[in-house]
Amino acid sequence: MVKLLTSEERTLKLRPLIETGGWALVDGRDAMKKSFVFGDFVQAFAFMTLVALKAEKMDHHPEWFNVYNRVDITLSTHDCQGLSSRDIALAEIINQAASTAK
Ligand SMILES: C[C@H](O)[C@H](O)[C@H]1CNC2=NC(N)=NC(=O)C2=N1
């Protein structure tokens with residue numbers, strides 16, 4: 001069973017994603033969010049395809065919304081109702097995928 005991040009893990013692993021990785025905590029929920037803007041829909045969808053394939057391999061899936069060139073992503077672990085190490089791993093993969101797709 002996947003566990004919520006401890007306060008030490010939040011300091012060591014979550015804080016860098018928030019301070020320099022463009023992620024933000026969600027109000028009223030233990031989750032993190034980030035919006036991505038691409039040149040057009042094809043680039044946005046290529047990014048989503050890359051993330052979808054990686055997420056499926058990890059068996060850990062984003063909550064996301066797309067309109068044209070914008071993709072809004074929220075990460076949280078439903079199995080423990082909050083942020084876990086899986087969200088950290090997926091956020092890092094997503095940041096990497098965004099820098100490839102842009
Ligand atoms: C049965 C399956 O492994 C689980 O439902 C997985 C699938 N993807 C998931 N994705 C997310 N974000 N949180 C989960 O707890 C989760 N659990």
Side-chain angles (χ1 to χ4, degrees):
M1 179 69 179
V2 63
K3 291 191 193 125
L4 290 176
L5 292 173
T6 63
S7 50
E8 287 84 356
E9 288 168 333
R10 283 166 199 262
T11 305
L12 279 173
K13 298 175 182 168
L14 183 58
R15 195 195 275 171
L17 283 167
I18 290 167
E19 287 183 349
T20 58
W23 291 84
L25 291 175
V26 173
D27 280 341
R29 186 181 168 199
D30 192 22
M32 60 203 277
K33 65 179 179 181
K34 184 171 174 180
S35 287
F36 296 87
V37 177
F38 297 92
D40 57 22
F41 176 71
V42 172
Q43 281 178 29
F45 203 78
F47 163 75
M48 291 177 79
T49 304
L50 205 59
V51 172
L53 295 174
K54 303 235 181 196
E56 182 59 16
K57 267 194 190 150
M58 293 170 70
D59 192 30
H60 195 65
H61 302 88
E63 299 169 24
W64 55 10
F65 172 82
N66 161 245
V67 59
Y68 181 50
N69 63 343
R70 195 180 98 220
V71 184
D72 301 334
I73 301 183
T74 299
L75 299 180
S76 189
T77 301
H78 311 134
D79 293 345
C80 63
Q81 294 179 19
L83 288 165
S84 75
S85 57
R86 293 187 189 170
D87 299 304
I88 302 291
L90 188 54
E92 285 165 356
I93 284 169
I94 287 170
N95 278 2
Q96 185 69 49
S99 60
T100 314
K102 266 173 183 161

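Being a predicted model, the structure only gives us computed values, none of them experimental. Read the numbers this way: they start at 1 and go in the same order the structure lists the ligands and their atoms.
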Quiz item: What's the verdict on side-chain contact (heavy atoms from CB on, under 4.5 Å) for M32 and I18, showing C-alpha distance, side-chain angles and the deciding distance?
Solution: CA-CA 9 Å; M32 60 203 277; I18 290 167; 5.7 Å; no
Quiz prompt | From the candidates D79, T74, V2, L90, the one that places a heavy atom nearest atom 15 (O) of ligand 1 | solution = D79
Quiz prompt | Proximity of P62 to ligand 1 by residue part, where a heavy atom lies under 4.0 Å | solution = neither
Quiz item: Quick one: nearest non-hydrogen protein atom to atom 1 (C) of ligand 1, plus distance?
Solution: D59 OD2, 4.6 Å
Quiz item: Please state which protein non-hydrogen atom is closest to atom 13 (N) of ligand 1 and give its distance, to 0.1 Å?
Solution: H78 N, 3.1 Å
Quiz item: More than 12 foreign heavy atoms under 6.0 Å from CG of D40: is that the case here?
Solution: yes
Practice problem: Nearest heavy atom to atom 11 (C) of ligand 1 wins, so pick from M58, H60, M1, E56. | Solution: H60
Practice problem: Could you tell me how the ring of F36 sits relative to the ring of W23: parallel (under 30°), tilted (30 to 60°) or perpendicular (over 60°)? | Solution: perpendicular
Practice problem: Decide whether an N or O pair under 3.5 Å exists between R86 and ligand 1. | Solution: no
Practice problem: Enter the distance from K54:NZ to E92:CD here, rounded to the nearest 0.5 Å. | Solution: 12.5 Å
Practice problem: Heavy-atom contacts with T77 under 4.0 Å: which atoms of ligand 1 show up? List them by number with element. | Solution: 13 (N), 15 (O)
Quiz item: Heavy atoms of the protein only: does one fall short of 4.0 Å from atom 7 (C) of ligand 1?
Solution: yes
Quiz item: atom 10 (N) of ligand 1: which protein heavy atom is closest, and how many Å away?
Solution: H61 N, 3.0 Å
Quiz prompt | From CD1 (I94) to NZ (K34), nearest 0.5 Å | solution = 9.0 Å
Exercise. For a side-chain hydrogen bond (donor to acceptor under 3.5 Å, both in side chains) with S84, tell me which candidate from D30, T77, D79 qualifies.
Key: T77
Quiz prompt | ligand 1 to S76 polar contact by distance, N or O atoms, under 3.5 Å | solution = yes
Exercise. Fit a plane to each ring of F45 and F41, take the angle between them on a 0 to 90° scale, and name the class: parallel (under 30°), tilted (30 to 60°) or perpendicular (over 60°).
Key: tilted
